[in-house]
Amino acid sequence: MFAGLIALCAILVISIGALAWHFIGRVRALETESTRFFELSRDMVCVAGFDGRFKRVNPAFERTLGYSPREMLGRPIAEFAHPDDREGIGGENRYLDKDGEIHWLEWTSVADPDEEVIYAVARDVTDRKMLEQRLELLSRSDPLTGMLNRRSFDESLAAQLAHA
């Protein structure tokens with residue numbers, strides 16, 4: 001009877017060990033997979049603390065803004081923002097790259113209050129913003145002369161009348 005109990009305990013320990021080994025392997029595989037997505041993403045992926053400082057950034061930040069992850073870690077996100085946009089980080093705003101050029105970034109983020117971190121993804125939408133500005137200019141001016149068109153005149157007139 002005692003030998004049967006020992007055998008049963010041995011089988012139980014081996015089974016638990018095999019399950020634990022399986023779960024450890026699965027967790028490692030998931031960590032490897034998530035690291036690959038983090039490293040390979042063309043979008044900028046980061047983790048920031050509730051203090052607004054970068055804790056982790058992927059290589060897309062260096063490709064877009066020119067700063068290495070080492071240069072960004074521990075520094076406030078707002079430090080990289082355009083001075084006029086530092087109050088309203090998030091949504092769409094301007095950031096300066098290492099050479100001082102402006103990049104429009106569109107942010108999506110979610111906070112984890114338990115860990116006191118924010119997971120965020122930013123996409124460089126500079127080309128789209130430039131196209132929008134160009135289209136806005138074209139919609140308000142004559143393409144041949146560059147002079148303001150009727151639409152601009154009407155809007156300006158309405159603004160002046162409201163001001164008066």
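Just so it is clear, the values below take in all heavy atoms, side chains as well, and ignore hydrogens, waters and symmetry mates.
At a cut-off of 3.5 Å, with distance as the only test, no side-chain donor of Ser41 or Asp43 sits close to an acceptor on the other residue.
Heavy atoms only, all atoms of each residue included: Asp112 and Tyr119 are closest at CB-CE1, 4.0 Å. Among all heavy-atom pairs drawn from Leu96 and Pro83, the shortest one is CD1-CD, 4.1 Å. In terms of heavy-atom proximity, Pro76 sits nearest to Arg53 at CD-NH1, 3.3 Å. Scanning both residues, Pro113 and Phe50, for their nearest heavy atoms gives CA-CZ, 3.8 Å.
The number of heavy atoms from other shown groups lying within 6.0 Å of NZ (Lys55) does not exceed 12. Open room surrounds CD on Glu87; 12 or fewer heavy atoms of other groups in view lie less than 6.0 Å from it. The neighbour count for Asp154 CG, taken as heavy atoms of other residues, nucleotides or ligands under 6.0 Å away, is above 12.
A distance of 8.0 Å separates CZ in Arg75 from CE in Met72, rounded to the nearest 0.5 Å. Separation of atoms OG1 (Thr126) and CZ (Arg128) is listed at 9.5 Å; rounding is to 0.5 Å. The distance from the CZ atom of Arg134 to the CD atom of Glu132 is 14.5 Å, given to the nearest 0.5 Å. Atoms CZ and CD, from Arg123 and Glu92 in turn, are 11.5 Å apart once rounded to the nearest 0.5 Å. For the atom pair CD of Glu101 and CZ of Arg94, the computed distance is 13.5 Å after rounding to the nearest 0.5 Å. Residue Trp104 holds its CH2 atom at 9.0 Å from NE2 of His82, rounded to the nearest 0.5 Å.
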Derivation and outcome, side-chain contact (heavy atoms from CB on, under 4.5 Å), residues Leu105 and Asp124: CA-CA 5 Å; Leu105 301 184; Asp124 188 341; 4.1 Å; yes

I would like to know whether Lys98 and Leu65 meet side-chain contact (heavy atoms from CB on, under 4.5 Å); could you show each step before the answer? CA-CA 6 Å; Lys98 203 169 188 175; Leu65 299 178; over 6 Å; no

Given the rule in the side-chain contact (heavy atoms from CB on, under 4.5 Å) test, do Glu71 and Glu62 qualify, once you have shown the distances and angles that lead to the verdict? CA-CA 9 Å; Glu71 292 174 293; Glu62 186 167 11; 5.7 Å; no

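Side-chain heavy atoms closer than 4.5 Å link hydrophobic residues (I, L, V, M, F, W, Y) into clusters, and following such links, possibly through other members, connects Val125 to Met130. Under the 4.5 Å side-chain heavy-atom criterion for Ile, Leu, Val, Met, Phe, Trp and Tyr, Val45 and Ile118 are members of distinct hydrophobic clusters. Under the 4.5 Å side-chain heavy-atom criterion for grouping Ile, Leu, Val, Met, Phe, Trp and Tyr, Val117 is connected to Val110 within one hydrophobic cluster.
Ring-centre distance between Phe80 and Phe61: not below the 6.0 Å cut-off.
Between Cys46 and Arg56, every side-chain heavy-atom pair lies at or beyond the 4.5 Å cut-off.
Partner of Tyr95 under the side-chain contact (heavy atoms from CB on, under 4.5 Å) criterion, chosen from Asp85, Thr64, Ile77: Ile77.
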